[in-house]
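Take a look at the structure below.
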Amino acid sequence: MTQSKAKKRTPAVFGWFSSLAEVFREGDMWTRLSALIMGLGQLKRGQVIKGLLLMAFEALFIWFQTGFGWQYLKDFGTLGTNAQARVWDEAAQIFRRVPGDNSMLILLFSVLTLATFIPFIAIWVINMKSALYVQKQAEKGVKPNSFVEDVKTFLDERFHITLLTLPMLTLVLFTVLPIVFMILIAFTNFDKNHQPPGSLFTWVGMTNVTDVFWGDQLKSQTFFGILGWTLVWAVFATFTNYIFGMILAMMINKKGIRFKKMWRTIFVVTIAVPQFVSLLLVSKMFTDTGVVNVLLQQWGLMSGPIPFLTDPTLARILVIVVNLWVGIPYTMLMTTGILMNIPADLYESAAIDGAGPVRQFISITLPYMIFVTAPQMITTFVGNINNFNVIYLLTTGGPLTLDYYQAGKTDLLVTWLYKLTVNEQNYSLASTIGIFIFLIVGSISLVVYNMTGSVKKEDQFQ
Amino acid sequence: MKMGIKARERISNSIIYTILTILSFVWLLPIAWLIMSSLRAEPGAYTTYIIPKGWTLSNYTKLFTETELFNFPRWFANTLFVACVSCVITTMLTLMVAYTYSRLRFRSRKGLMNMSLVLGMFPGFMSMIAIYHFMKLMGLDQSLAALIMVYSGGAALKYYVAKGFFDTIPRSLDEAALIDGATRNVVFFKIILPNSMPIVTYTAIEAFIAPWVDFIFVSVIMKDNYDNYTVALGLFRMLERENIYNYFTQFCAGAVLVAVPITLLFIKIQKFYVGGVVGGAVKG
């Protein structure tokens, strides 16, 4: 589109407004009327199919809003007022259920309806700009593009629209709208006692957020307890895996070690086995009657079973240790290639200076690797904050404790979120937790991206 | 006493061999236990020994013959179906998005990429409740179609690796074609795609594996509709308290059947990790 090319430098939003103003300033009656009746301008200049399509689109939108959207949108402020009731039916001598408002549907469809305004406005703006464009072409005496020519641009100049339409549609339906919906849920009291269609839920403002921080003793205790453990876990899980995985990769990479491929494959096999298999199995090995405890007692090393999964501290240590089993092969795979890129002369000169292997690792390998892989490490850190599998499959968050609200001592924020949703149906609290996870992950990622920028500029190691 | 360099080298190498052997043993032990349990004749999850007393293949045959409570063949077929369809959809969507962001220049490109980044920071599970109710409204809850949509719905956010790969294909290739009069459509299908088979394979395999190993999403979508379970969820149910004694060895057999193809596929794509394609993609 030529008219957008001229405005490339201005930010998108200003571009939109200024070109809209231009349409009204320079457009003639037909073009201006296109604001009300979409496609009128195009129709007037001979772009019949395009004009009709735009009109049909507007008609469809209005029909959708009045026929469907409005009935939900009007209740958006209250999320429904008529609860489902049981009314005595004198004739049949039974209680009949009289359906009331469904808060869930009202919220869901309101979000959906509001969302339809975005493509509508976008297409409306495009409609206005194209109306002015064809008007100017007509003034210049140029024949406007035929419909076929217009369609052809979608395979070339506007190929990005063709490619992105479907992915963006799925993205909006399965990611954006659900997230918006869940953010809204965080400000309602949608929990076990407020389940549509049986009963209504409604807006409660910031109650959930304040509850989590100080309002509700038990909930805030749980939140801060779990938050603390989540961070401790993420730090340990990330760094232990990183260091040990790198050492493993270096051992396999070392000159003179044979069967490199075989060693690598042995470790890779373990990550290839689905985690729900391997981790469930490992968790069964560590129960009171599991293989590990039984063998320890048989060998006479222990008189009773070690409470790996029932003692909070032991359970926490166990998940970190077992996570080594999961994570080390990953780090090994990731770092193998990078390790081979470290210039060999660095090591040679260090060896001449009399540095031993430990010294070389601390002064050369570690700084180099941290420098190169810092962004990746923080990505792993974020991944560990949300590491559902390892925790849930090993301990299901247990051991449970009365100090916590519906959570156990090894629960991470994300497994707590899962339990609140699936077991407790406390959707509002779960959504609040979800938003906090987003804020934590978001702020860490912000740091990553700033660092990535600096990594790109720096090249002192190359 | 000073040792020669060669002698020291030999000693350090043998130490490494020893460590690697011990580690391999630790890493392979659970897998060995899995395979041996799948061939064990005695039932029960908690044995006081590792090597089975009696060997049998009946755990495998029972999976396919005794299907009243745990319909393994059906779950396997479900998973295969979901994996194939979502693999095709995901690969298509991911490559479309990756190519667009990598090669085409348009006004909202940066904005869309930043939006994807932000969206990716929400815990994926959070939106499941909304999706579940949305599916319910469409009458699709507890169906395989819903599962396919859930697995391929996020594809537009998982473009980083593929984009990283497209970025490495020289731009002069497209420019030459454009000068020769090819449309961007032709450039994508005739020039970029044929040069990108490795990344197509990688994306496809990753997408294919996902339904086999996920059990969070499927547990929310399927609830108690046993007929539409995937293997992951079905096998998970076998280990519940009331079933574990009778079904532990069958669980192991089923797990082996799932793990073998997944392992082979994974070994096929592991070179992407070693080669740094995956690592390099983080830079966005």
Side-chain angles (χ1 to χ4, degrees), chain A residues 4 12 104 108 155-156 159-160 163-164 166-168 170-171 174-175 178-179 181-182 251 254 256-257 263 266-270 272-278 280-282 284 289-291 294 325 333-334 336-338 375-376 379 386 388 414 417-418 421-422 427 434 437-438 441-442 445 452, chain B residues 9 13 16 19-20 24 27-28 30-31 33-34 45-46 48 50 93 96-97 99-100 104 106-108 111 119 121-123 125-127 129-131 133-134 149 153-157 183-185 212-213 215-216 220 232 236 239 255 258-259 262-263 266-267 270 273-276 279 282-283:
Chain A
S4 70
M104 179 80 203
L108 198 60
L155 289 180
D156 201 9
F159 191 43
H160 62 272
L163 281 185
L164 281 184
L166 194 61
M168 285 303 137
T170 60
L171 188 65
F174 292 101
T175 311
I179 285 177
F181 178 79
M182 293 316 288
M251 287 198 295
K254 185 175 182 298
I257 297 292
W263 295 116
I266 288 177
F267 291 100
V268 166
V269 165
T270 61
V273 176
Q275 287 190 345
F276 78 91
V277 172
S278 55
L280 277 177
L281 215 58
V282 172
K284 296 295 171 245
T289 49
V291 171
V294 169
W325 188 86
L333 269 185
M334 294 286 208
T336 296
I338 309 171
Q376 211 172 313
T379 317
N386 286 326
F388 182 90
V414 67
L417 169 71
Y418 178 85
T421 338
V422 174
Y427 299 128
I437 298 178
F438 164 74
V441 171
S445 306
T452 323
Chain B
E9 187 78 10
N13 276 1
I16 289 180
I19 298 175
L20 283 180
S24 305
W27 254 259
L28 290 180
I31 292 165
W33 193 50
L34 173 75
Y46 309 111
T48 54
I50 291 180
L93 294 180
M96 279 154 78
V97 174
Y99 173 77
T100 313
L104 303 176
F106 49 97
R107 203 155 47 155
S108 44
L119 287 176
M121 289 170 197
F122 282 95
F125 177 72
M126 192 173 134
S127 46
I129 306 125
I131 294 179
H133 287 280
F134 187 59
M149 288 189 229
L157 293 178
T183 59
R184 285 171 181 80
N185 165 45
W212 295 92
V213 299
F215 91 109
I216 313 172
V220 176
F236 188 72
L239 285 195
V258 176
I262 299 296
T263 309
F266 193 85
I267 288 175
Q270 63 145 317
Y273 289 89
V274 179
V282 180
K283 287 172 200 149

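The structure displayed is predicted, hence computed values, not measured ones. Below, chain A is the first sequence line, B the second, and so on; all start at residue 1.
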Check: Does the gap between the ring centers of Phe215(B) and Phe276(A) come in under 6.0 Å?
Finding: no
Notebook entry, point to check: Is there side-chain contact between Leu164(A) and Val97(B), with heavy atoms separated by less than 4.5 Å?
Noted result: yes
Notebook entry, point to check: If you tally heavy-atom pairs under 4.5 Å against chain B, which of Val268(A), Leu155(A), Thr175(A) wins?
Noted result: Leu155(A)
Checklist line | Between Leu157(B), Ile131(B), Leu20(B), the one whose heavy-atom pairs under 4.5 Å with chain A are most numerous | finding: Leu20(B)
Note to self: Which one wins on heavy-atom pair count under 4.5 Å against chain A: Leu34(B), Ile19(B), Ile216(B)?
What the structure shows: Ile216(B)
Note to self: Measuring only between side-chain heavy atoms, which start at C-beta, is Thr100(B) closer than 4.5 Å to Phe106(B)?
What the structure shows: yes
Notebook entry, point to check: What residue in Ser108(B), Gly111(B), Ala232(B), Gly154(B) has the most heavy-atom pairs under 4.5 Å with chain A?
Noted result: Ala232(B)
Notebook entry, point to check: Which answer fits Lys284(A), side chain, backbone, both or neither, if we ask what part of it has an atom under 4.5 Å from a heavy atom of chain B?
Noted result: both
Item checked: Partner chain B: residue of Gln275(A), Lys254(A), His160(A) with the largest heavy-atom pair count (under 4.5 Å) -> His160(A)
Checklist line | Toward chain A, the part of Trp212(B) with a non-hydrogen atom under 4.5 Å | finding: backbone
Check: Based on non-hydrogen pairs under 4.5 Å, which of Leu166(A), Val414(A), Val282(A) is most in contact with chain B?
Finding: Leu166(A)
Next item on the list: Please report the closest heavy-atom contact between Asn386(A) and Ile437(A), naming both atoms and the distance.
Entry: OD1-CG2, 3.3 Å
Item checked: Residue Ala155(B) versus chain A: region with a heavy atom under 4.5 Å -> neither
Margin query: Can you confirm whether Ile257(A) sits close enough to Asn13(B) that some side-chain heavy atom of one is under 4.5 Å from a side-chain heavy atom of the other?
Written below: yes
Margin query: Distance check, rounded to the nearest 0.5 Å: Phe134(B) atom CZ versus Met149(B) atom CE?
Written below: 8.5 Å
Next item on the list: Could you tell me which portion of Val422(A) (side chain, backbone, both or neither) has an atom closer than 4.5 angstrom to a non-hydrogen atom of chain B?
Entry: side chain
Checklist line | Side chain, backbone, both or neither of Leu93(B) within contact of chain A (heavy atoms, under 4.5 Å) | finding: both
Next item on the list: Would you mind telling me which of Thr270(A), Thr170(A), Val277(A) has the largest number of heavy-atom pairs within less than 4.5 Å of chain B?
Entry: Thr270(A)
Notebook entry, point to check: Picking from Ile179(A), Leu417(A), Val269(A), which has the most non-hydrogen pairs under 4.5 angstrom with chain B?
Noted result: Ile179(A)
Notebook entry, point to check: Checking heavy atoms, do the side chain of Val220(B), its backbone, both or neither come under 4.5 Å from chain A?
Noted result: side chain
Check: Should Met96(B) and Met168(A) count as side-chain neighbours, where that means a heavy-atom distance under 4.5 Å?
Finding: no
Note to self: Can you give me the closest heavy-atom contact between Pro167(A) and Ala156(B), atom names plus distance?
What the structure shows: O-CB, 3.7 Å
Check: At a heavy-atom separation under 4.5 Å, does Thr421(A) approach chain B through its side chain, its backbone, both, or neither?
Finding: side chain
Checklist line | Distance, nearest 0.5 Å, that separates CE of Met251(A) from CH2 of Trp263(A) | finding: 9.5 Å
Next item on the list: Under 4.5 Å heavy-atom distance to chain B, tell me which part of Met104(A) shows up: side chain, backbone, both or neither.
Entry: side chain
Checklist line | Part of Phe388(A) lying under 4.5 Å from any heavy atom of chain B | finding: side chain
Item checked: Structural part of Phe159(A) lying under 4.5 Å from a heavy atom of chain B -> both
Note to self: Given heavy-atom pairs under 4.5 angstrom as the criterion, report whether the side chain, backbone, both or neither of Trp325(A) touches chain B.
What the structure shows: both
Checklist line | Leu281(A) to Pro30(B) - nearest heavy-atom pair and separation | finding: CD2-O, 3.5 Å
Checklist line | Which atoms of Tyr99(B) approach chain A - backbone, side chain, both or neither, heavy atom under 4.5 Å | finding: side chain
Margin query: Heavy-atom cut-off 4.5 Å, strictly under: side chain, backbone, both or neither for Leu119(B) against chain A?
Written below: both
